[in-house]
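Take a look at the structure set out below.
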Amino acid sequence: MTEAPSSPARRSVRVDLGDRSYDILIGPGLIAAAGAEISSRMKGRRVAVITDEHVAPIYLEPFMRSLAGGGIQAVSLVLPAGEKTKSFPHLMDVCDSVLGARIERNDAVVALGGGVIGDLTGFAAGIVRRGSRFIQVPTSLLAQVDSSVGGKTGINSRHGKNLIGVFHQPDLVLADTDVLDTLSPREFAAGYAEVAKYGLIDKPEFFAWLEKNWRDIFAGGDARIEAIATSCQAKADVVAADERENGLRALLNLGHTFGHALEAATEYDSRRLVHGEGVSIGMVLAHQFSARMNLASPDDARRVEAHLGEVGLPISMAQIPGSLPPAETLMDAIAQDKKVKSGKLTFILTRGIGQSFVADDVPPSEVLAFLKDKYPK
Ligand code: NAD
Ligand code: GLY
């Protein structure tokens, strides 16, 4: 499925996009190896490293040392952690930092952090000098299996999540699996929701493997590396087939329409809900809604609920702390989501485990009635 290069535990996945193809290296020790990996692939000798206040105290110094060892000069910018950092003021901070460091076309902008830092930094890299080289060093499980791959970048608007951004592919992704040991259990589980997503989209055998092996994945070691490599390969295949989301790529949004609406409803407050938790609840709702529409068996929805619940993820809206706005407000967020075409709702629905499909004519009235049923009483 994936090749094993230099280190026995290290895996490599290629994202095949012609002359914009790139490698995702996955395995232990990649922060220490970053300087050598980057300098062997890059003409320029300068980088700007963007990170956040949680990641910086643990990984910035070793990462900068690794870069220096590879003969690369680096400046760094540390931003606040959290979803609210995906905003115009911080986009400006990143652009100014990159320009201030005189990063040129052959140099690179580096995101060292989770999906928030990756999305924001990638957007800045996509617009500074009309497009600069970009390297992802994802440090959360979610970023390693999803957000660092595929070139979607952006920030949030008060109208919704990720509504402002560009496609800008990275030149290299370095996923050091050791760094996941410092991730909180809650954030690890949130990233796991996106791992499970690949099984639920079109890999029923992968989902069954996860049901059996999830404890080993949470514990670390080979099963974790295997799960990350399989997820990256799944995403790389979809991105290579449909980079700009004209069709197939929409499947990667399984659970995201409900999830994004819940994130907006909780005002992106990570104490209440983080992205992967929204996706977890969203995937359960997508399976329950598919059963309600007689597309899938309710047993499949129960199986998804059971697995995501046992790994510690929230599986219902009632588990979100605090009160939610009325179901109609959630519907407004769903309608504002970019998966709407000519007033009809586009949802990723399913005919069973690993049998997801794009439904682009879902009646809003059915969704509202379903949400009202599922709303915490
Ligand atoms: P995040 O970036 O907020 O990281 C989660 C938390 O973990 C943060 O507090 C961060 O500081 C901390 N952290 C990260 N790595 C750590 C480490 N190794 N040790 C200790 N703490 C660490 O959130 P996330 O879950 O990584 O990403 C979510 C974001 O990704 C959302 O904004 C979502 O919209 C976006 N996303 C984008 C895509 C895409 O294709 N571009 C796909 C999925 C999600
Ligand atoms: N996470 C959705 C996508 O990359 O398309």
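Side chains included, hydrogens not; waters and symmetry mates left out as well; all remaining heavy atoms used. Order of appearance sets the numbers: ligands from 1, and atoms from 1 within every ligand.
Neither the backbone nor the side chain of His256 comes within contact range of ligand 2; no heavy atom lies under 4.0 Å. Neither the backbone nor the side chain of Glu263 comes within contact range of ligand 1; no heavy atom lies under 4.0 Å. For Thr182, heavy-atom contacts with ligand 1 shorter than 4.0 Å involve the backbone as well as the side chain. Neither the backbone nor the side chain of Val149 has a heavy atom within less than 4.0 Å of ligand 2. Contacts between Asn253 and ligand 2 below 4.0 angstrom, taking non-hydrogen atoms only, involve the side chain exclusively. Under 4.0 Å from ligand 1, heavy atoms of Lys152 appear from its side chain as well as its backbone. Residue contacts with ligand 1 for Asn162 involve side-chain atoms from C-beta outward but no N, CA, C or O (heavy atoms, distance under 4.0 Å). Contacts of Ser147 with ligand 1, taken as heavy-atom pairs under 4.0 Å, involve both backbone and side chain. With a 4.0 Å cut-off on non-hydrogen atoms, Asp119 touches ligand 1 through its side chain and not its backbone.
One finds no salt bridge joining Lys43 and Asp107 here, because no Lys/Arg side-chain nitrogen approaches an Asp/Glu carboxylate oxygen to under 4.0 Å. Under 4.0 Å is where a charged nitrogen must lie from a carboxylate oxygen, and between Arg10 and Glu37 at least one such pair does. The pair Arg14-Asp16 does not count as a salt bridge, with every side-chain nitrogen at least 4.0 angstrom from each carboxylate oxygen. The residues Lys372 and Glu328 are annotated as salt-bridged, a charged nitrogen and a carboxylate oxygen being separated by less than 4.0 angstrom. Checked for salt-bridge contact, Asp146 and Lys235 meet the test: a charged N lies under 4.0 Å from a carboxylate O.
Two residues are said to be in side-chain contact when any heavy atoms from C-beta on lie closer than 4.5 Å; Val128 and Ile103 fail this criterion. The closest side-chain heavy-atom distance from Ile38 to Leu174 is below 4.5 Å. Under the 4.5 Å side-chain criterion, counting only non-hydrogen atoms from C-beta, Phe289 is in contact with Val362.
Taking the centre and axis of the six-membered ring of Phe357, the NZ or CZ atom of Arg351 falls inside the cone set by 45° and 6.0 Å.
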> What's the verdict on salt bridge (Lys or Arg N to Asp or Glu O under 4.0 Å) for Asp171 and Arg20, showing C-alpha distance, side-chain angles and the deciding distance?
Replying inline: CA-CA 7 Å; Asp171 295 274; Arg20 292 174 299 113; over 6 Å; no

> Can you check salt bridge (Lys or Arg N to Asp or Glu O under 4.0 Å) on Lys197 and Asp202, steps first, answer last?
Replying inline: CA-CA 9 Å; Lys197 179 185 79 176; Asp202 62 355; over 6 Å; no

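Ligand-side atoms of ligand 1 in range of Ser140: 15 (N), 24 (P), 26 (O), range being under 4.0 angstrom from any heavy atom. Heavy-atom contacts of Tyr59 reach the following atoms of ligand 1: 18 (N) (cutoff under 4.0 Å). Set against the non-hydrogen atoms of Lys86, the atoms of ligand 1 under 4.0 Å away are 31 (C), 32 (O), 33 (C), 34 (O), 35 (C). Residue Lys235 has at least one heavy-atom neighbour below 4.0 Å for each of these atoms of ligand 2: 1 (N), 3 (C), 4 (O). Per-residue contacts place Glu187 under 4.0 angstrom from the following atoms of ligand 1 (heavy atoms of the residue considered): 5 (C), 6 (C), 7 (O). Counting the atoms of ligand 1 from 1 in the order shown, those under 4.0 Å from a heavy atom of Glu83 are 31 (C), 32 (O). Numbered from 1 in the order shown, with element, the atoms of ligand 1 that lie under 4.0 Å from a heavy atom of Lys235 read 40 (O). Near Asp146, meaning under 4.0 Å from one of its heavy atoms, ligand 1 places the atoms 42 (C), 43 (C). Near Thr139, the atoms of ligand 1 lying under 4.0 angstrom from a non-hydrogen atom of the residue are 14 (C), 15 (N), 16 (C), 17 (C), 18 (N). Atoms of ligand 2 found under 4.0 Å from any heavy atom of Lys152, numbered from 1 in the order shown, are 2 (C), 3 (C), 4 (O), 5 (O).
Distance from atom 9 (O) of ligand 1 to its nearest protein heavy atom, with residue and atom name: His54 ND1, 2.8 Å. At the shortest separation from atom 4 (O) of ligand 1 among protein heavy atoms lies Gly114 CA, 4.2 Å. The protein atom (non-hydrogen) at minimum distance from atom 3 (O) of ligand 1 is Val116 CG2, 3.4 Å. For atom 28 (C) of ligand 1, the nearest non-hydrogen atom of the protein is Leu142 CD2, 3.8 Å. Protein heavy atom in closest approach to atom 16 (C) of ligand 1: Leu183 CD1, 3.3 Å. Protein heavy atom closest to atom 1 (N) of ligand 2, with residue, atom name and distance, is Asp146 OD1, 3.3 Å.
If you run salt bridge (charged side-chain N to carboxylate O under 4.0 Å, His left out) between Glu263 and each of Arg272, Lys161, Lys86, Lys84, only Lys161 comes through.
Between Gly115 and ligand 1, a contact under 3.5 Å exists for at least one N or O pair. By the 3.5 Å distance cut-off applied to N or O atoms, Lys161 is counted among the residues near ligand 1. The shortest N/O to N/O separation between Val55 and ligand 1 does not fall below 3.5 Å. Not a single N or O atom of Thr153, backbone or side chain, sits closer than 3.5 Å to an N or O atom of ligand 1. Residue-to-ligand polar distances keep Ala143 apart from ligand 1: every N/O pair is separated by 3.5 Å or more.
Distance alone, capped at 3.5 Å, is enough to place a donor-acceptor pair between the Asp178 side chain and the Gly29 backbone.
More than 12 heavy atoms of other residues, nucleotides or ligands sit less than 6.0 Å from atom CD of Glu61. Counting heavy atoms of neighbouring residues, nucleotides and ligands inside a 6.0 Å radius, atom CG of Asp222 does not exceed 12 of them.
Ring centroids of Tyr198 and Phe206 are separated by 6.0 Å or more, keeping the two rings apart. Annotation: His90 is not in aromatic contact with Phe123 [ring centroid separation under 6.0 Å not met].
At least one heavy atom of Asp52 sits closer than 4.0 Å to an atom of ligand 1. Taking 4.0 Å as the cut-off, Gln144 does not count as a neighbour of ligand 1 on heavy-atom distance.
Relative orientation of the Phe347 and Phe258 rings is tilted, given thresholds of 30° and 60° on the angle between their planes.
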